[in-house]
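Working notes, beginning with the structure itself.
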There are 2 protein chains.
Amino acid sequence: MKGEDVLMAGGQGPSGVAMADDGSRVGVCLRELLEGHRLSPSQRRIARHLLERPHEAVFLSSVDIAEAVGTSQPSVTRFAFALGFNGFPEFRDHLRAALRDGEGGGPAVKATGLNPVQAMVDSELRNLERLRDTLGDPGPLAEVAAELAASRPLPVIGLRVSAPLARFFGYLAAKAHPDVRVIDTAGSTLEDRLSRARAAGATCVLAFGLPRYPRELRDGLAWARRAGLRVALVTDQPVNALAEHADVVLTAPVSSQFAFDSQAAPSVLCAALVHSMVYALPAHEQASIEEFENSATERRLFLPD
Amino acid sequence: MKGEDVLMAGGQGPSGVAMADDGSRVGVCLRELLEGHRLSPSQRRIARHLLERPHEAVFLSSVDIAEAVGTSQPSVTRFAFALGFNGFPEFRDHLRAALRDGEGGGPAVKATGLNPVQAMVDSELRNLERLRDTLGDPGPLAEVAAELAASRPLPVIGLRVSAPLARFFGYLAAKAHPDVRVIDTAGSTLEDRLSRARAAGATCVLAFGLPRYPRELRDGLAWARRAGLRVALVTDQPVNALAEHADVVLTAPVSSQFAFDSQAAPSVLCAALVHSMVYALPAHEQASIEEFENSATERRLFLPD
DNA sequence: GTAATCCTGCATGAAATTATACATTCACCA
DNA sequence: TGGTGAATGTATAATTTCATGCAGGATTAC
């Protein structure tokens, strides 16, 4: 193995502290394997070495171990055989499997007594879970929100299937931002309106690009960038044909196993974005939200809940 | 790699704990690497594949990845070079190092609960679960779908915050229904357009009415009924100020504990509705979906995934 | 429409990893 | 002392993994 240097730190010392992290999971796996096997002296040294570095163990090659222990590579192979495996790779895969069980193993798979439509919803549920997990680090979202909040005006692009998303975002954001301009047509119209927004002081643009990715959106993003606008993109994958034309990418997974995809996760991301934008706004504009609500109530625009 | 079968599970099931497990650590490492790198289509597929299985990624060989992605092994090597590494092993060691750094941190980081934005997503998750459960009985959905599919034309109403939803439904439904007419303006316009639709043969209308319920929507629904149209309503509660003006009600719960609500569940319900509508359509119109897809591909409207 | 560029897979060679054959050493015992 | 057998290392073969040259094909630019 060439890059063994990257694996030499970490670990958790012989007196293994924190039970139940993944390393010790490999450790218990090893202990189980060693149970009731008669090992030769050098094989014991190998075992001891692995037990002391359960994290690295899963990555080490037979020569790595041999060198570290100060023995020969065939001895490592024979060590694997002595433990009942059919070769060193088989032994190592056993360790890797133990590590993986630890990582994924939390919740059990549920019985799938779901009808097709329910399966569809379930699929979107998982997408939302993924979104929630990626938001564990609030940095990127807050960063984008701040940029968007600071841009006056704020152009928002959504073409084709993403047009409703852009409008939805526009509707929410308008409560917190004085000048949101939704663009849902492509071609020269798009460039015209971007151009005007740029001239009016816009510093960045928000784009929604869900599958299937319109070619025209890519062109629009490229154009916006050349025009000096920072491009924030909401899409379903961190890397795709659109992402390379964006400065910041927020991902909201969508299902593609069904004929018609919903936009559950992107919709939630919209709400989260606007939510974050509010905190990036000056106080007097936060107040204007309340204002609108009140005036709307006065005009009896809405029915009682 | 011989024992790839041992690595096929993983991920983090339905009730997934939180961020900051080792897999997502590899994930963020990958994201950082991908940032600002121009990738070819097949390289993007590779990146996606790895992002979807961060746990396994650290163990995969270049041929493993190539086979899984359906590309050639040299493409994987080139992928590593494109990311600035000096070879595939170097790239893989980088990922492994990220994983190791995470393990040192131990279970401490895991204990952290959800941040506010995550709580928001979590709230929508529960809404989706409720939606899934209510769809356990496919009857109402199929019934509404059949009615909608049979109405020519099919008027779809969504005002204010629900306008994007109506447009989204319209976009999807247009693939399966020859004459969908989205109405997102209120007042006399609404009645005009409903009237024309009725004259053209419409038998029912679909309305989206999420909080806060526009007074004008209630008026519109009442008007539609008097005009002899059957009213199907998508809203958030089985009974509210709008439901009494509808013949059939489909409920899609939304959160109201946050300043800005997303439309996750209604969005999914849209997709489910259209999905069900397809099965209520004659075969030749189902075929027209494919047709559109093909013609769109021919016109190279979309970018490759 | 044509040329230039980029992308991609195939074939192949180089490097690394693992398994096996064989020789040597050492402990133990007659 | 010489024999026996397990243990271990050396050398090497077999397998796997990785890198690169080259040609065909697609896309873009002019």
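We name chains A, B, ... by the order of the sequence lines, and we start the count at 1 in each one.
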Taking side-chain contact (heavy atoms from CB on, under 4.5 Å) as the test, write out the residues that go with A/Arg78, two or more places apart. A/Gln43, A/Pro74, A/Ser75

Could you tell me the separation between the [atom1] atom of [X] and the [atom2] atom of [N], rounded to a whole number of Å?
X: B/Glu67; N: C/dG9; atom1: CD; atom2: C1'; answer: 15 Å
X: B/Ile46; N: D/dC18; atom1: CD1; atom2: C1'; answer: 14 Å
X: B/Ile65; N: D/dC18; atom1: CD1; atom2: C1'; answer: 12 Å
X: B/Phe88; N: D/dC18; atom1: CZ; atom2: P; answer: 5 Å
X: A/Glu90; N: D/dT15; atom1: CD; atom2: C1'; answer: 16 Å
X: B/Leu303; N: D/dT28; atom1: CG; atom2: C1'; answer: 14 Å
X: B/Asp93; N: D/dT17; atom1: CG; atom2: P; answer: 15 Å

Residue list, ring pair (Phe, Tyr, Trp, His ring centres under 6.0 Å) with [X], at least two apart or on another chain:
X: B/His275; result: B/Tyr279
X: B/Phe85; result: B/Phe91, B/His94
X: A/Tyr213; result: none

Take nucleotides 7-13 of chain D nucleotide by nucleotide from the 5' end and write B, S or -, depending on whether a protein heavy atom sits under 4.0 Å from the base, only from the sugar-phosphate, or from neither. SBBBB--

Below 4.0 Å: OP1/OP2 of [N] and any side-chain N or O of [X]:
X: A/Arg215; N: D/dT28; result: yes
X: A/Arg92; N: C/dT18; result: yes
X: B/Thr77; N: D/dC18; result: no

In residues 79-86 of chain A, what residues come within less than 4.0 Å of DNA chain C, judged by heavy atoms? A/Phe81

Please say whether more than 12 non-hydrogen atoms of neighbouring residues, nucleotides or ligands are located less than 6.0 Å from CZ in A/Arg130. no

According to side-chain hydrogen bond (donor to acceptor under 3.5 Å, both in side chains), who are the partners of A/Ser255, at least two apart in sequence or on a separate chain? A/Ser123, A/Glu124, A/Asn127

Holding to salt bridge (charged side-chain N to carboxylate O under 4.0 Å, His left out), I want the full list of residues that pass it with A/Arg230, two or more places apart in sequence or in another chain. A/Glu147

Would you mind listing every side-chain hydrogen bond (donor to acceptor under 3.5 Å, both in side chains) that reaches into residues 83-92 of chain A, with sequence neighbours excluded? none

Output field: ring centroids A/Phe59/B/Phe59 closer than 6.0 Å: yes

